[in-house]
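Bear in mind the structure is a predicted one, so any value in this text is a computation, not a measurement. When a residue number appears, it is its place in the shown sequence, counting from 1. Whatever order the structure lists ligands and atoms in, that order sets their numbers, starting from 1.
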Amino acid sequence: MADINYKQFRCQPRLPKFAIPKSYDLKLTPDLTACKFSGTVDIRLDIVADTKFIVLNSADLQIDSKSVRYQSQNGSRGFEAVNVELLVEDEVLVLEFAENLPHGAGALFVRFDGTLNDQMKGFYRSIYEHNGEKKNMAVTQFEPADARRCFPCWDEPACKATFKIALEVPSDLVALSNMPVAEEKVNGNLKTVSYQESPIMSTYLVAAVVGLFDYVEDSTPDGVKVRVYTQVGKANQGKFALDVAVKTLGLYKDYFATPYTLPKLDMIAIPDFAAGAMENYGLVTYRETALLYDEKHSAAANKQRVATVVAHELAHQWFGNLVTMEWWTHLWLNEGFATWVSYLAADGLFPEWKIWTQFLDESTEGLRLDGLSESHPIEGDINHASEIDEIFDAISYRKGASVIRMLQSYLGAEVFQRALAKYIKKYACSNAKTEDLWAVLEEESKEPVNKLMHSWTKQKGYPVVSVSVKDSKLVFEQKQFLSSGLSGDGQWVVPITLSIGSYEAKKSFLLDKRSQTIDIDEPSSLASWIKINIDQAGFYRVKYDDNLSVNLRHAIENKRLSAMDRYGILDDSFALSMAGQLPVSSLLTLMSAYREEPEYTVLSNLISVSAKVARVVADADITLVDNVKLFFINLFQYSAESYDDDDDGYDPKHGESHLDALLRGELFTTLAVLGHEETLNEASKRFQAFLEDRNTHLLPPDIRRAVYVAVMKVTSSDRSGFDKLLKVYRETDLSQEKTRILGALGSCCDPDIILEVLNFLLTPEVRSQDVVFGLNVSREGREVAWNWLKKNWEHISNTWGRGFLLTRFVSAIVSPFSSHEKVKEVEEFFASHGKQPSIARTLKQSIERVQINTKWVESIRNEKNLKDCVQELAFRKY
Ligand code: BES
Ligand code: ZN
C-alpha cells in the first residue's frame, strides 16, 4: 500500500526539498452563501533532486486527483500523477509520478475545493451586518501554518515565491489581496479580479478578503496608497489608524533606511478575528478593536492600542515580510522586534505618551512567564505545525522585545540602528536566522554580541542579581530566578549598570561569572542610594541587602529616582515577595513610599501589584483583608484626589493629557474593585445617567470600564446591574464597548450571577473571538468558573481547540487558585479528559502558578508581624 511507501514523508519537521517553488498563480472562487470555495493553483518550480515525488503541504482540502499535472519545461513534457495521497496528520500532500521528473523548471497544476470555515484560520467566513441583514465575508488568516488550508503550497517561511492571485467574486463586493488590482473582468453577477504579481514572499503572508466595505484613503510622500477599510458607514473610525500608518511608514523608511516595498497598503477591520492583527504583506487584517477609533466612544487606552498595533504590524512589513525568519525557531525575530520597534514608532509619533516607560509592562510580563520552570527558551525546536501556535507567547514577544532593548542599551542607539539597516539590506527578499542578526551587530559594534545574547535566547529563564555591601565594596551575585522560590542552575552574561547617589555617575560592566566584587571610588557614597539596572534596561531582577533597600525606599520618598527605576524597584520587590524572598510586610511598607507617585505607568503597576497582593492575602488570612484594602484605598485616594479641581475627579480636566486619562480609568477601576463606597455610589449615579442618554458627558469612555466594574461589584441577587449592562452590550455596535463590558462582568461577587455571566459567554451573542475577555472573574467566582469549565469542557475544546484561544480558558480559570487540593483536582481532570497537545504547556504553566500561589500563601501565614504592619499602614495618618 502507498501508506507504507510514504513513511519517509511522515513525522518530518520540514518538507523534503526535491522541488523549490518559484511562483504561484492562484485563483480562488469563494461561495459566500454556501460557505465553500474552489480554486486552482499553477506553481512554477525547480526540480533539484532525482525524484518521482512532489511533496508539499495541504490540509482540509479536497484535491481533485485527476487534475494534478506536472509540465516540465525541459522538453515540454507532461506528467500525470499516478498516485495522490494526503497524509492527514502531517498535513502533507504526496504526488507520485510514474518516473523521475527531469531536473530544472516546470509547473505543477492542481484543482481543489474547500470549506469557508468558522475557525478563524485558513480561508474562513466572518459575519457582519449590513442594513440590518446578516452577511458573510471571506477572510484569510494563514500565520503560522494555515495557507495549506486554502491552497496546496510549500507552507514554510523559507519557501519564498512570487504570487499572482485572482479572485472570482460577486460583482457588487470589494475583493482585496496583497497587491493592487491589475485587471477586473465583469461577467454577469460575477467578476474576476486579478492582482499584480507580488514580490517574493512567504506563504503565511498571502491574503484575501471579500465583502462589503467603505474606506478612507491617504498616501505617503513616496506615493504609496494607504487605505483603511471598515464596515459600511464607519469609515470615519478608520481615520486615526490611517494617520498613524502614513506617519509610521515614513518613520520606518528612515529608521531601516529602506522604503516600504509594495505600491499600496490596505488595512482592514474584520469582525471575527482570532489574534489582534495580522501583518499580511500589503493587506494587514485587524480585530475591530485594534483598528477603529471612535471620537466619542473610544477611550485613551483604545487609542493607544490602535496606534501600537498599527505600528507593530507595519514594523513586520520590514521585519518579517521583507526579511523573514528562516524557520519558526526564529519567530521571536519577527515578534520580538516588531514589538520593540512599535514602541520606537509610538514614541516618535506621540512623545507625550512616555511609551518607553510603559514598555516596562512588556518586560514585566516577560519576566513573569519566564520565572516559571515551565517556561521555554526564546529559540526552541519546532517539529510539527501544531507546536507553532504555542510560541506566540510572552517569551517570543515580550522577553524577545526586552532582550532587544537590553542589547540596544548596551551597544548604543546609533550603532544599533546602523546595524539593523545593514541587516535589512543584506537579507531583503530572503530569510535570516538569529545568528545572522548577531553577526551583523557584532560586525558593526565590534562587541561580543553572540556570546552575550546566546545566554538570553538559547536558555530559558533569567537571573536575580543580589547586591550587598561588604568591606566598602559591592558584591554582585547571580542566580536563576524562579517564582517558585526554587533555585535553577542557569547562568547569564548580564549587562550590569549602576548609579550611586546620582544619575550623573553611571557605572557598567558585564557580569559573566556567578559573582563579582567591584570597588567603589568613594566608599562614603555607600551611605547614599545605589540603584542597579538603570531604567530597567536589563532583563533581570535585583535583590538588595537590607541597608541598600532602605536607602532606596527613602530615595523614592524623596523623589530622587527616575520613573523607570521606581517601577523596577516595586516590580522586583513584588516578584521576590511571591518567591518567598521578601516578607509581604516589607513589600507593603515599600508600597507606602509610592503614595505621592506622579507617574502613570508606575501607579498602574502599583495598582496591579495591589490587586494581586489583596487576593493572596485573602487566601492566606481573610481577617487581614479589610485592613489591606483600607491601606490600598488610602494609598490610591491621594492620586485620585489630585485630580480634584473642585469635583470628585471623575470628569476629565480641560485639555488633560493622555496619561491622565489612562490613569483616571485605572484608579477608579481599582477603587471600585476594592469596594470604595464613594466610588461605588458615584459610579451608580453616572451609570444611571448613561442609561438615560448614551451621549451624556457624565460617563466619558475613559471611566466606563471603572463604572461597569462598580455596577457589577454592587450587583447581587437582584441582577439589576447585570441586566442593564447587558442591555448596553446588546445596543452598542462598537466592539470596544462590548469588550469593556465583557471585561467587567466577572467582577461580581455573587456566584450565581457569575455562572450566568459565564453561560452568557457561550451564547451566540458573544463572538467566539471575544469570550476570553469574560473569563477573569472575582475571587468569589473562581470556584464557579472552574466547575463551569469542567462541565463545558467538551464543547469549549471543540469550539476553541483549533487555535491559541483555548489556552486562555485554561490559564484564566486555573491560575488564580492557591491550594494543593486544586493542583490535584486540575491534574486529575485533564488527565482523564484526553491529551490536548495544544494546551499542554499552558496547563503546566497554570498548574505551576497555582503551586507558587500555594507556597506564597503558606509563607504569608508564617509572617508573624504582618497583622501589626497592616494595621499600622491602614490607619497611618499622613
Ligand atoms: N503575526 C502576529 C499575528 C499572529 C498571532 C498570527 C498569533 C498567528 C498567531 C501579529 O503581528 C501580532 O503579533 N499581533 C498581535 C498584536 C501586537 C500588537 C502584539 C496580536 O495578535 O495580539
Ligand atoms: Zn507581530
Side-chain angles (χ1 to χ4, degrees), residues 119-122 124 139-149 155 157 201-207 241 244-245 248 252 267-270 272-291 301-325 328 330-346 355 358-359 361-363 365-366 382 385-402 404 739 769-770 772-773 800 802-808 838 842:
Q119 305 285 338
M120 298 183 282
K121 61 198 276 185
Y124 71 94
V139 188
T140 56
Q141 167 61 42
F142 291 167
E143 195 183 14
D146 295 319
R148 62 189 69 175
R149 280 168 226 282
D155 199 9
M201 62 189 270
S202 304
T203 48
Y204 78 90
L205 294 166
V206 171
V244 170
T248 303
Y252 289 154
M267 310 204 293
I268 185 163
I270 308 293
D272 301 278
F273 198 82
M278 176 64 212
E279 70 267 25
N280 312 300
Y281 221 169
L283 175 53
V284 183
T285 44
Y286 295 80
R287 253 183 205 244
E288 291 187 344
T289 49
L291 186 68
N302 298 128
K303 187 176 201 170
Q304 186 175 313
R305 171 82 182 151
V306 169
T308 48
V309 179
V310 169
H312 176 109
E313 303 313 331
L314 298 196
H316 279 312
Q317 307 301 310
W318 284 259
F319 242 99
N321 301 9
L322 184 58
V323 179
T324 311
M325 68 225 149
W328 298 105
H330 309 284
L331 173 72
W332 83 282
L333 276 186
N334 264 13
E335 298 305 349
F337 253 91
T339 301
W340 177 79
V341 175
S342 72
Y343 280 77
L344 201 84
I355 202 83
Q358 297 194 56
F359 181 89
D361 289 342
E362 304 275 355
S363 304
E365 286 302 315
I382 294 291
S386 64
E387 294 169 19
I388 311 171
D389 260 338
E390 259 196 324
I391 56 170
F392 284 85
D393 65 357
I395 298 300
S396 302
Y397 281 77
R398 295 162 183 234
K399 182 181 184 181
S402 305
I404 290 159
T739 308
Q769 62 165 9
D770 289 332
V772 291
F773 298 116
W800 285 272
R802 260 155 286 187
F804 50 85
L805 290 175
L806 184 63
T807 62
R808 309 276 194 85
S838 67
T842 306

*asked:* Using a 4.0 Å heavy-atom cut-off, which part of Glu279 comes near ligand 1: side chain, backbone, both, or neither?
replied: side chain

*Run the contact test for Val309 against ligand 1 with a 4.0 Å cut-off on heavy atoms, strictly below, and give the result.*
yes

*Provide the number and element of each atom of ligand 1 under 4.0 Å from a heavy atom of His316.*
11 (O)

*Please confirm if an N, O or S atom belonging to Glu279, backbone or side chain, lies less than 2.8 Å from the Zn ion (ligand 2).*
no

*asked:* If we only consider heavy atoms of Ala338, is any one of them less than 4.0 Å away from an atom in ligand 1?
replied: no

*Check ion pair Asp155-Arg149 (N to O, under 4.0 angstrom)*: no

*Output, in order, the C-alpha distance, side-chain angles, deciding distance and verdict of side chain to side chain donor-acceptor pair (under 3.5 Å) for Asp389 and Ser838.*
CA-CA 8 Å; Asp389 260 338; Ser838 67; over 6 Å; no

_Show the atoms of ligand 1 that are less than 4.0 angstrom away from any heavy atom in Glu313._
10 (C), 11 (O), 12 (C), 14 (N), 16 (C)

_Is the distance between the ring centroids of Trp328 and Tyr204 under 6.0 Å?_
yes

*What do we get for Ala277 next to ligand 1 when only non-hydrogen atoms under 4.0 Å count, side chain, backbone, both or neither?*
backbone

*Name the closest protein heavy atom to atom 20 (C) of ligand 1, giving the residue it belongs to and the distance to 0.1 Å.*
Gly276 N, 3.3 Å

*Atoms in ligand 1 with a heavy atom of Ala275 nearer than 4.0 Å*: 5 (C), 21 (O)

